Amino acid sequence: MAFYLNEYDGKIPLIDEMTGLYKIGPFFRASETIYRKNSFKTFAMIQVDIYHFKIINEICGVAAADQLLLYIAGLVKRYTKHGGVAAHFRADVFVLCTSYENHEDLVNIITEIIDGISKYELPCKIIPTIGVCLIDNIEIEPHIFFDRTSIALHTIKGNMLNNYAFYDASEKERMLYESKIVHEMDHALKNNEFKVYIQPKVNILTEEIIGGEALVRWRHPQDGIVSPAKFIPIFEKNGIIMKLDEYVWENVFRMIGSWSAAGKKLVPISINISRMNAYSSDFADKIADFANRYNVNPRLVPLELTESAFLENSNDLYFLMNKLQKQGFIFSMDDYGSGYSSINMLRNIAVDEVKMDHAFLKGKMLSERTKVVLKYSIEMLNHLNTMVVAEGVETKEQVEFLKECNCIYAQGHYFYKPMPVEEFEKLVFHSSKENL
Ligand code: C2E
Ligand code: CA
Ligand code: CA
């Protein structure tokens, strides 16, 4: 067997015994030599990974899965003939460094590998996934290119429409940003860096503030105010949104409790319930606990759930809503019209409020079709005695149109932007006679 000297371990084998391909260390050395010595040629690194290989192992058995690996090894080895090199990295992961003529040629290599693997016959479906990066700077070390192929692979995880992806530098930035803020989240919570802002909801006809929505902001010590649009989707991916939700809810219940204790005018402040929380078993108890602990009438904290959350597992959600509605909680369907609008849902369950998605009002001029959809959706909801709130209202024209449609409530920059609690309190309490 061939050996090479490793500076840490002494002698280690060059070649992976099972497949006859290089091991990853020797692969890095060999590929570096190849692309540096042949700088007149273009090279790419390709990482091949089998989706859910563990399942293939389980269903087809280890021996059959090993045969598949040998087959893949043979397949990738074909592309080393014209001065390339291939390695078996681990289990179902292979890496290839190969030269190519032009983009089309490279895509051909990739699709040949994908097709070759997909047609291998086993009792279960084999789905190859491939991450590709161009070796566009021969000064860069091979393990960096390898990391890039992993980043490219990461972008197609869970997306069964694409079997391969090219490395994109902005993707790396995005992943770094994601891991940075996930890492900072716990400390930020303890450090009170998350602040609850409130955006007033108004009666369009009287312009009176009839309530508000709690919207979180991150006052980051280095990055300044960070919008939830940036961090909420990331927290939703890994579940930490549940912690943040609870933090915001508690702040809102505490705040209303303190208004109540001080004899202030009480207006409802809605809270956002992320999908993960809506489906967690103790959500109803948590919310009811907060209402008890801070002595808040449930009616004062409407619960906003996005339209898409309603579609997921409606029966569980109906049960939960029913339980909370019996205790006096109010439900609001958020972002109505942004996805697959749940008209069926409106038939089956009495949501108390519907928020028309801001996308309806986007653009300078409302198209005739949009106007018809808005007008009749609002009319239908009015007939169902469901309160309708138009979101993202920015112009006088939009307000006039909403009035024509008998939409009475709105939230949007035309009236107020989200603001810190103290500002909201000034607005509401100072305009209220009993608190002057
Ligand atoms: P959302 O629940 O649909 O909240 C309304 C969003 O529209 C807010 O964005 C608000 O600032 C923005 N908005 C209001 N009026 C206008 C307008 O006239 N023009 C424009 N262009 N935008 C307007 P924000 O605060 O950036 O929040 C984005 C989303 O993040 C929210 O959408 C909500 O889904 C989520 N979010 C915010 N705070 C929380 C929270 O505490 N918990 C959870 N789970 N989600 C939250
Ligand atoms: Ca909302
Ligand atoms: Ca919304």
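Whatever order the structure lists ligands and atoms in, that order sets their numbers, starting from 1. For the numbers below, each heavy atom of this structure counts, side chains included, while hydrogens, waters and symmetry mates do not. What you see is a predicted model, and the numbers here were worked out from it, not measured in a lab.
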Visitor: Can you tell which of Val48, Thr129, Val107 makes a side chain to side chain contact (heavy atoms under 4.5 Å, CB included) with Tyr164?
Guide: Val107
Visitor: Pairs under 3.5 angstrom, nitrogen or oxygen on both sides, ligand 1 versus protein: list them out, please.
Guide:
| unit_1 | atom_1 | unit_2 | atom_2 | d |
| --- | --- | --- | --- | --- |
| ligand 1 | 2 (O) | Glu213 | OE2 | 3.1 |
| ligand 1 | 2 (O) | Asn272 | OD1 | 3.2 |
| ligand 1 | 2 (O) | Asp334 | OD2 | 3.1 |
| ligand 1 | 3 (O) | Asp335 | OD1 | 3.2 |
| ligand 1 | 15 (N) | Gln199 | NE2 | 3.0 |
| ligand 1 | 18 (O) | His413 | N | 2.8 |
| ligand 1 | 19 (N) | Glu394 | OE2 | 2.5 |
| ligand 1 | 21 (N) | Glu394 | OE2 | 3.2 |
| ligand 1 | 25 (O) | Arg217 | NH1 | 2.9 |
| ligand 1 | 25 (O) | Arg217 | NH2 | 2.9 |
| ligand 1 | 38 (N) | Val216 | N | 3.1 |
| ligand 1 | 42 (N) | Asp245 | OD1 | 3.1 |
| ligand 1 | 44 (N) | Asp245 | OD1 | 2.8 |

Visitor: Donor-acceptor check, side chain of Asn251 to backbone of Tyr247, threshold 3.5 angstrom: yes or no?
Guide: yes
Visitor: Using a cut-off of 6.0 Å, state whether more than 12 heavy atoms not belonging to Glu400 lie near its atom CD.
Guide: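 Yes.
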Visitor: Name the one of Val354, Ile273, Leu324, Leu317 that satisfies side chain to side chain contact (heavy atoms under 4.5 Å, CB included) with Phe331?
Guide: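 The residue from Val354, Ile273, Leu324, Leu317 that satisfies side chain to side chain contact (heavy atoms under 4.5 Å, CB included) with Phe331 turns out to be Leu324.
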Visitor: Measure the acute angle between the ring planes of Phe146 and Phe89, then classify it against the limits of 30° and 60° as parallel, tilted or perpendicular.
Guide: perpendicular
Visitor: Suppose the cut-off is 3.0 Å; which protein N/O/S atoms would you list for the Ca ion (ligand 2)?
Guide: Glu213 OE2, Asn272 OD1, Glu304 OE1, Asp334 OD2
Visitor: Is it the case that atom CD in Gln327 sees more than 12 heavy atoms from other parts of the structure closer than 6.0 Å?
Guide: yes
Visitor: Is there a side-chain contact between Glu250 and Tyr294, using heavy atoms and a 4.5 Å cut-off?
Guide: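 Yes - at least one pair of side-chain heavy atoms lies under 4.5 Å apart.
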Visitor: Could you tell me how the ring of Tyr120 sits relative to the ring of Tyr71: parallel (under 30°), tilted (30 to 60°) or perpendicular (over 60°)?
Guide: tilted
Visitor: Do the side chains of Lys243 and Asp186 get close enough for a salt bridge, i.e. N-O under 4.0 angstrom?
Guide: yes
